[in-house]
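All chains are named by letter (A, B, ...) in the order of the sequence lines, taking the proteins before the strands, and each is independently numbered beginning at 1.
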Amino acid sequence: MLRSNNCGELRINDLNSQVSLCGWVHHIRDLGKLLFIDLRDRYGTTQIYFDANNKPELYQSAKKLGREYVIHVIGTVRERSNKNPKMPTGDIEIDVDTLKVLNTSEIPPFTIEDDTDGSEEMRLQYRYLDLRRNVMKDTMIFRHKLNLSIRNFLSEKGFLEIETPFLIKSTPEGARDFIVPSRLNPGNFYALPQSPQLLKQLLMFAGMDRYFQIVRCFRDEDFRADRQPEFTQLDCEMSFVEQDDILNLFEDMMRYLFRNLLDIDLPIFPRLTYKEAMETFGSDKPDLRFDMPIINLSDTLKGKGFKIFDNSEYIGGLLLINQPDVSRKQIDKLTEWVKNPQVGGSGLAYVRLVDNEIKSSITQFFSNDFLQNLMKSINASNNDTLFIISGNRNKSLEILGNLRLHLAKQYQLIQKNIYKPLWVIDFPMFDWDEENHRFTSSHHPFTSPLLSDIELLDSNPSLARSNAYDMVMNGAELGGGSIRIHDKFLQKKVFKLLNLTDQEAEDKFGFFLKALDYGAPPHGGIAFGIDRIVAVMLGLNSIRDVIAFPKNNMGRDLMMQAPAPVTADQLKELHLKIQ
RNA sequence: GGUCCGGUAGUUCAGUUUGGUUAGAAUGCAUGCCUGUCACGCAUGAGGUCGCGGGUUCGAGCCCCGUCCGGACCGCCA
């Protein structure tokens with residue numbers, strides 16, 4: 001061992017002991033004749049010093065050190081004459097007797113500080129330096145503890161962690177697959193799993209009863225701050241269960257994780273149906289950290305002679321409470337934002353109470369008394385602003401949902417460090433794909449419909465609800481799952497509704513349909529995005545900050561410069577030609 | 001596939017509105033001074049392909065076109 005202690009553990013009761021430490025030169029403070037260095041490793045920082053009067057030669061060697069040099073020192077623990085209460089090791093320092101440079105370092109391109117001056121591009125390119133920063137290091141430690149807690153909790157509950165293959169078969173539904181050419185089978189390709197969905201179901205068929213896996217998943221789709229091409233799932237499946245069993249167990253797990261890792265007691269998770277979530281929050285992953293439900297104004301505002309409202313399928317509003325500074329300029333800006341093609345609204349009306357007088361963009365069409373009564377009916381007070389969106393029902397709800405988040409951000413309605421979990425249940429079984437004129441699964445094709453809605457598969461599939469559920473926290477979808485289909489005829493019926501012919505179903509899922517013939521138990525499960533859980537728990541906006549070596553938003557690894565071309569020989573071996 | 005924002009010193013940015021002398025700041029770096037610092041302090045200094053290519057102009061960091069790179073979002077992500 002090169003060291004007797006790490007850089008985070010020495011305290012006042014270690015006084016006068018001989019110690020040997022290794023670490024990186026974090027800060028150098030040369031006062032002339034006296035030189036201090038903060039020596040850093042994963043565990044902390046310890047101050048070492050060199051005194052020119054007592055040890056002139058050592059002092060001269062220390063003068064040659066630079067930032068991020070790796071050094072080994074042997075010395076004695078001394079009490080500081082000036083203590084630093086901000087550091088855990090701030091009562092002591094090391095009087096160095098021996099200094100050895102283990103490695104030199106170039107000047108790092110950005111500072112290794114919590115509040116670094118490095119751009120994200122630099123941080124990704126020099127990720128090994130970025131990970132030296134406390135915040136990144138602590139995130140990695142947190143993530144390790146999370147994984148460990150998950151394993152402990154689920155193992156305790158009888159789950160087995162079973163590995164599933166990465167080289168599998170491409171499936172037609174869902175995200176675009178990453179494909180891997182097979183050298184031994186010319187013209188044939190593996191696909192990397194978008195998730196181990198069918199494999200975990202097959203493990204249930206195999207009688208494993210309770211399975212989980214912390215596993216990488218791959219989806220070849222475009223990126224976002226919360227989406228990477230490879231990401232980590234906590235994948236779970238259970239046999240002989242109903243929806244309640246899964247919701248209760250994984251709600252318990254989440255509570256366990258928050259208690260263990262953050263010392264926070266989560267409340268009971270409210271359960272909202274998809275319909276309620278959409279009608280109240282305009283989103284299937286509502287952020288409950290702030291109030292401001294959508295108010296349905298269709299009945300109140302329609303048929304009063306204002307054409308735009310009268311011709312609308314739906315009118316909804318949001319009440320922004322007690323914001324005296326909402327200016328005309330701000331409202332114009334919000335209107336512009338709503339009309340932005342990415343939001344897709346056609347306009348934004350408002351009614352405001354200032355000094356208990358009505359200020360509104362629709363005074364030409366509605367009397368002052370009417371608007372006063374409208375505000376009274378929704379319990380609005382002075383300095384409250386009602387924003388109104390009208391038009392197609394679903395589109396308007398979506399816009400209101402976006403506007404709700406936009407207002408919360410703009411007026412800082414979201415408290416820091418609070419967690420608002422919920423379940424969203426009763427999703428529609430299918431979404432209608434306008435482009436291809438067919439149904440797609442809103443969850444996935446193996447999701448069971450609600451028992452009560454099975455008949456709707458024949459009579460009106462678009463109304464059928466599935467036995468699927470999402471766990472949502474702070475406006476992020478942390479996980480989702482469903483009770484699966486274990487009956488072959490039902491599975492075939494669903495395939496048919498998804499426009500898969502018998503032949504296609506057989507080609508793609510034949511192995512799975514066959515397995516359903518051999519005593520498949522009722523089962524269901526759920527999968528969580530580990531990256532998102534870590535990001536939400538730590539209050540981070542981007543999952544790139546919780547992944548050791550993430551890709552940028554073009555799918556490139558800026559550090560190793562992947563993807564990259566391969567040699568002609570490699571292509572030939574794989575029977576591939578580049579167009 | 002699309003919309004928007006950005007690219008200027010090692011790094012983070014200002015300068016672009018209204019084209020005009022030698023392109024600035026902070027930090028980092030180098031050198032010197034300094035015995036109790038902990039974001040040490042003070043002084044001096046070095047450091048620039050204004051992403052790249054083309055155009056307009058007497059003159060372009062600034063205007064126009066193209067392109068590359070980075071970021072946010074829409075589509076997409078069962």
**Prompt:** In whole Å, what separates the C1' atom of U12(B) from that of G70(B)?
**Reply:** 15 Å
**Asked** OP1 or OP2 of C38(B) sitting under 4.0 Å from any side-chain N/O of K83(A)?
**Response** no
**Request:** Let me know the distance between CG of D115(A) and P of C13(B), rounded to the nearest Å.
**Result:** 12 Å
**Request:** Ignoring backbone atoms, test whether T111(A) places a side-chain nitrogen or oxygen under 4.0 Å from the OP1 or OP2 oxygen of G28(B).
**Result:** no
**Prompt:** Under 30°, 30 to 60°, or over 60°: which ring-plane class applies to Y126(A) and F110(A), parallel, tilted or perpendicular?
**Reply:** perpendicular
**Request:** Measure from the side chain of R29(A), starting at C-beta and using heavy atoms only, and say which of C34(B), C38(B), C29(B) lies closest.
**Result:** C38(B)
**Asked** Base, sugar-phosphate, or nothing for P445(A), non-hydrogen atoms under 4.0 angstrom?
**Response** base
**Whole-Å gap separating C1' (C40(B)) and NZ (K33(A))** = 17 Å
**Message:** Given I425(A), which partner from the list L272(A), L450(A), L247(A) fulfils the side chain to side chain contact (heavy atoms under 4.5 Å, CB included) test?
**Reply:** L247(A)
**Prompt:** When rounded to the nearest Å, what value does the distance between P atoms of G10(B) and C74(B) take?
**Reply:** 36 Å
Could you tabulate the donor-acceptor pairs under 3.5 Å formed by side-chain atoms of residues 463-472 of chain A, not counting sequence neighbours?
from	atom 1	to	atom 2	distance (Å)
R465(A)	NE	D453(A)	OD2	2.8
R465(A)	NH2	D453(A)	OD1	3.2
S466(A)	OG	F427(A)	O	3.3
N467(A)	OD1	Q243(A)	NE2	2.6
Y469(A)	OH	S482(A)	N	3.3
Y469(A)	OH	S482(A)	O	3.1
Y469(A)	OH	G525(A)	O	2.9

**Complete:** Partner of C4(B) under the Watson-Crick or G-U wobble criteria, both distances under 3.5 Å, comes out as G71(B)
**Request:** If a pair satisfies ring-ring contact (aromatic ring centres under 6.0 Å, His included) and one of its residues is in residues 22-42 of chain A, list it, with sequence neighbours excluded.
**Result:** none
**Request:** Under 4.0 Å between any heavy atoms, over every strand shown, what does T45(A) touch: base, sugar-phosphate, or nothing? Just pick one.
**Result:** nothing
**Message:** With the stacking rule set at 5.5 Å and 30°, tell me whether F36(A) counts as stacking on U37(B).
**Reply:** yes
**Item:** Qualifying residues under side chain to side chain donor-acceptor pair (under 3.5 Å), relative to W432(A), sequence neighbours excluded
**Value:** none
**Asked** Hey, are E121(A) and Q125(A) close enough side-chain-wise for a donor-acceptor pair under 3.5 Å?
**Response** no
**Prompt:** For the pair made of CG in L31(A) and P in G41(B), what is the distance, rounded to whole Å?
**Reply:** 10 Å
**Message:** Taking only the P atom of each, what is the distance from A46(B) to U31(B) in whole angstrom?
**Reply:** 15 Å
**Request:** May I ask you to list the residues of residues 55-67 of chain A, by number, that have any heavy atom positioned under 4.0 Å from an atom of RNA chain B?
**Result:** R67(A)
**Asked** Is the closest basic N to carboxylate O distance between R127(A) and D557(A) below 4.0 Å?
**Response** no
**Prompt:** Watson-Crick or G-U wobble partner for C58(B), using a 3.5 Å limit on both distances?
**Reply:** G20(B)
**Asked** Is U31(B) paired to anything, Watson-Crick or G-U wobble with both distances less than 3.5 Å, and if yes, which nucleotide?
**Response** A43(B)
**Nearest-angstrom distance, C1' atom, G24(B) to U16(B)** = 14 Å
**Message:** Heavy atoms only, 4.0 Å cut-off, all strands: where does E93(A) land among base, sugar-phosphate and nothing?
**Reply:** base
**Prompt:** Is there a Watson-Crick or G-U wobble partner for G53(B) with both distances under 3.5 Å, and if so, which one is it?
**Reply:** C65(B)
**Message:** Under 4.0 Å, counting only non-hydrogen atoms across every strand here, what does I107(A) touch: a base, just sugar-phosphate, or nothing?
**Reply:** sugar-phosphate
**Message:** I'd like the P distance from U27(B) over to C42(B), given in whole Å.
**Reply:** 9 Å
**Protein-nucleotide distance (L34(A), atom CG; C33(B), atom P), rounded to Å** = 16 Å
**Prompt:** With rounding to whole Å, what would you report as the distance between U57(B) and G20(B) at their C1' atoms?
**Reply:** 12 Å
**Message:** What is the distance, to the nearest angstrom, from the CD atom on Q125(A) to the P atom on G7(B)?
**Reply:** 18 Å
**Phosphate contact (C40(B) OP1 or OP2) by H27(A) side-chain N/O below 4.0 Å** = yes
**Asked** C1' atom, C77(B) versus A14(B): distance in rounded Å?
**Response** 39 Å
**Message:** I want to verify a distance call: between C38(B), C77(B), C40(B), whose nearest atom is closest to the M87(A) side chain?
**Reply:** C38(B)
**Message:** Quick test of your reading: applying salt bridge (charged side-chain N to carboxylate O under 4.0 Å, His left out), list the pairs with at least one residue in residues 474-487 of chain A, sequence neighbours left out, ordered by first then second residue.
**Reply:** E237(A)-R484(A)
**Complete:** Pairing partner of U11(B), by Watson-Crick or G-U wobble and under 3.5 Å for both distances, is A26(B)
**Message:** Can you tell whether the side chains of K275(A) and D426(A) come within less than 4.0 Å, N to carboxylate O?
**Reply:** no
**Item:** Interatomic distance, I28(A) CD1 vs C34(B) P [rounded to whole Å]
**Value:** 18 Å
**Given RNA chain B, 5'-ward residue of the pair P109(A) and Q194(A), judged by closest heavy atom** = P109(A)
**Asked** Roughly, in whole Å, what's the span from CZ in R532(A) to P in C77(B)?
**Response** 14 Å
**Complete:** Between CD of E106(A) and P of C29(B) the distance, given in whole Å, is 13 Å
**Asked** E221(A) and R176(A): salt bridge (charged side-chain N to carboxylate O under 4.0 Å, His left out), yes or no, with the steps?
**Response** CA-CA 6 Å; E221(A) 295 293 344; R176(A) 202 174 289 118; 3.5 Å; yes
**K333(A), NZ atom: more than 12 neighbouring heavy atoms under 6.0 Å** = no
**Asked** What is the distance from atom CG of L10(A) to atom OG1 of T89(A), rounded to the nearest 0.5 Å?
**Response** 8.0 Å
**Request:** Quick one, give me the B/S/- string for nucleotides 67-75 of chain B, reading 5' to 3', where B means a protein heavy atom under 4.0 Å from the base and S means that only happens at the primed atoms, P, OP1 or OP2.
**Result:** --SSBSBBB
**Request:** Return the nearest nucleotide to the side chain of Q47(A); candidates are C77(B), C29(B), U37(B).
**Result:** U37(B)
**Prompt:** P atom, U21(B) versus C62(B): distance in rounded Å?
**Reply:** 14 Å
**Request:** Give S442(A) one of three labels, base, sugar-phosphate or nothing, depending on what nucleic acid heavy atoms sit under 4.0 Å from its own.
**Result:** sugar-phosphate
